[in-house]
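To start, the structure itself, in structure tokens.
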Amino acid sequence: MSLAAAIKKQALELGFDLVGIVRPERLTDEAVRLRVWLDRGFAGTMGWMDRSFEKRTDPFLHMPDVRSVVCVALNYRTSHEIEDRPAYGKISRYAWGDDYHQVVGDRLRLLLDWICEQETGCRGKICVDTSPVMDKVWAVRAGIGWIGKHSNLIHPDLGSWLFLGELLLNAELECEEIPMPDHCGTCTLCLEACPTEAIVEPYVVDSRKCISYQTIEYRGNTLQVDTHGWIYGCDVCQEVCPWNHAVRKSEEPAFQPRPELLSLSLEELSRITEEEFRAVSKNSAIRRTKHRGMVRNAQALL
């Protein structure tokens, strides 16, 4: 068995649902699209996206001797459904359980350690969302899925409920993946369903209008859009996507809903103390909005 095949086998044994390997190169077409998106102001106040532009589009700035990119995906769609309860804010599925940065990162660390045991002199770098790497671009190149009109990566069997991560390796591996064609066709359900019309055209999202951006990344005192009952994130464009209707559900314990988090009412969240917020958001992605953001979001919905 080749090292590439062995790595894929080990990745699946560690619990990843999808894995592919691709050659690194400086991104050109993707860089142009990102530049246009930034110049249109669609990043909102996320100035770090512009500041890290060069690193985002050039993996060699992360790791000069990178020779292969191992891309992985982990399904987080549990069997639980979103409940529309007026007294409670809706939370995006991805934040129901443990922080995916830790879950995916820990498994990539195990994978990297295993690879280094097999291949003398092998080194790697772990990337999970917070690193300025274009996760979806590399996942597409690795044959893991295609980018849908809502701008999320879609796999035909797992839909878009996917956490992505990469291993940059200095080992040259076989790369046999073929990019998956776009299967969105003429469907425009995500554009039509977006409550704030944030998907301004197929494959293009204006973050400033996006409920996820407003409730998570935006640091202003007052929200700029009606969040339609969402207190953290938004899943509307994914919920209506036909590719997400019959996907295999995840049994991963780390992604199961946390009762102590989902049971808090808007009234309770509007006056939660910083200490209480730290306790309830421990090892949770919901901490991204910070205490001030959560209180702001709850007060806006009230």
Side-chain angles (χ1 to χ4, degrees), residues 2-12 16-37 53 55-63 66-77 104 108 111 115 124-129 131-169 171-191 199 201-205 237-238 241-244 246-248:
S2 69
L3 180 58
I7 288 173
K8 292 177 185 178
K9 181 174 182 291
Q10 183 67 15
L12 296 175
F16 288 114
D17 294 288
L18 303 166
V19 58
I21 302 173
V22 65
R23 292 251 186 277
E25 64 178 13
R26 192 178 187 284
L27 303 175
T28 52
D29 293 346
E30 296 89 348
V32 170
R33 287 194 289 271
L34 177 58
R35 183 76 268 162
V36 169
W37 185 80
F53 179 84
K55 261 196 165 184
R56 281 179 189 282
T57 55
D58 189 349
F60 298 102
L61 293 179
H62 285 274
M63 186 176 173
V66 60
R67 295 294 176 267
S68 305
V69 181
V70 179
C71 301
V72 296
L74 189 56
N75 172 23
Y76 68 87
R77 173 62 161 94
V104 177
L108 281 175
L111 180 59
I115 294 170
K125 183 167 184 178
I126 295 168
C127 303
V128 186
D129 187 45
S131 301
V133 172
M134 298 183 76
D135 303 295
K136 292 179 287 186
V137 169
W138 294 110
V140 168
R141 290 183 171 218
I144 285 178
W146 74 93
I147 294 179
K149 292 179 182 177
H150 46 30
S151 84
N152 297 298
L153 188 87
I154 302 175
H155 182 271
D157 297 327
L158 299 176
S160 59
W161 310 107
L162 296 169
F163 292 137
L164 305 176
E166 300 82 34
L167 270 185
L168 306 184
L169 297 175
E172 191 142 352
L173 304 173
E174 295 176 15
C175 303
E176 300 176 348
E177 279 68 29
I178 299 173
M180 201 175 291
D182 185 332
H183 291 295
C184 285
T186 58
C187 178
T188 56
L189 287 176
C190 57
L191 282 83
I199 310 175
E201 59 190 74
Y203 313 101
V204 180
V205 175
C237 63
Q238 297 194 82
C241 178
W243 291 101
N244 282 335
V247 298
R248 172 164 53 85

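Ring centroid separation for the pair Trp146 and Trp243 comes in under the 6.0 Å cut-off.
Smallest separation of non-hydrogen atoms from Arg56 and Met134: O-CG, 3.4 Å. Counting all heavy atoms, side chain and backbone alike, Arg77 lies closest to Val247 at CG-CG2, 3.9 Å. Scanning both residues, Leu189 and Pro242, for their nearest heavy atoms gives CD1-CG, 3.9 Å. Between Glu25 and Phe60, the shortest heavy-atom contact is CA-CE1, 3.8 Å. Of all heavy-atom pairs between Leu111 and Ile7, the closest is CD1-O, 4.0 Å. In terms of heavy-atom proximity, Ala4 sits nearest to Glu174 at CB-O, 3.7 Å.
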Run Glu177 and Lys8 through salt bridge (charged side-chain N to carboxylate O under 4.0 Å, His left out) and show every step you take. CA-CA 12 Å; Glu177 279 68 29; Lys8 292 177 185 178; 2.5 Å; yes

Leu169/Ile115 under side-chain contact (heavy atoms from CB on, under 4.5 Å): CA gap, chis, key distance, verdict: CA-CA 9 Å; Leu169 297 175; Ile115 294 170; 4.0 Å; yes

Passes salt bridge (charged side-chain N to carboxylate O under 4.0 Å, His left out), Glu30 versus Arg141? Steps please. CA-CA 12 Å; Glu30 296 89 348; Arg141 290 183 171 218; 3.1 Å; yes

Apply side-chain contact (heavy atoms from CB on, under 4.5 Å) to His155 and Leu18, showing your working. CA-CA 9 Å; His155 182 271; Leu18 303 166; 3.5 Å; yes

Could you check Val19 against Leu12 for side-chain contact (heavy atoms from CB on, under 4.5 Å), going step by step and ending with a plain yes or no? CA-CA 7 Å; Val19 58; Leu12 296 175; 4.3 Å; yes

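In this structure, Glu166 CD and Lys125 NZ are separated by 11.5 Å, a value rounded to the nearest 0.5 Å. Note: Leu164 CG to Ile144 CD1 = 7.0 Å, rounded to the nearest 0.5 Å. Taken from CG in Asp17 to CG in Leu162, the straight-line distance is 7.5 Å, to the nearest 0.5 Å. Distance CG/Asp58 to CE/Met63: 13.5 Å, rounded to 0.5 Å.
Residues Tyr203 and Asp182 have side chains in contact (heavy-atom distance under 4.5 Å, counting atoms from C-beta outward). Counting only heavy atoms from C-beta outward, the side chains of Phe16 and Phe163 never approach each other to under 4.5 Å. No side-chain heavy atom of Val204 sits less than 4.5 Å from a side-chain heavy atom of Ile199. Between Trp138 and Cys71 there is a side-chain heavy-atom pair separated by less than 4.5 Å. Proximity of Cys241 to Ile154: side-chain heavy atoms (C-beta onward) are separated by under 4.5 Å at one or more points. The closest side-chain heavy-atom distance from Lys149 to Cys237 is not below 4.5 Å. With a 4.5 Å cut-off on side-chain heavy atoms, Val133 and Pro59 do not count as touching. Looking at heavy atoms from C-beta onward, Pro202 lies out of side-chain contact with Thr188 at the 4.5 angstrom threshold.
Judged purely by atom type and a 3.5 angstrom limit, Ser68 uses its side chain to pair as donor or acceptor with the backbone of Ala171. Side-chain N or O atoms of His62 include one that pairs as donor or acceptor with a backbone N or O of Pro132 at under 3.5 Å. Checking side-chain atoms of Asn75 against main-chain N and O of Arg248 turns up a donor-acceptor pair under 3.5 Å. Side-chain atoms of Lys136 come within 3.5 Å of backbone atoms of Ser151 as a donor-acceptor pair (strictly under, hydrogens ignored). Checking side-chain atoms of Asn244 against main-chain N and O of Ser160 turns up a donor-acceptor pair under 3.5 Å.
Remark: of the listed residues Val32, Leu34, Val137, Thr28, Leu34 is the sole one forming a side-chain contact (heavy atoms from CB on, under 4.5 Å) with Thr57.
By the 6.0 Å and 45° rule, Arg35 stacks over the aromatic ring of Phe53.
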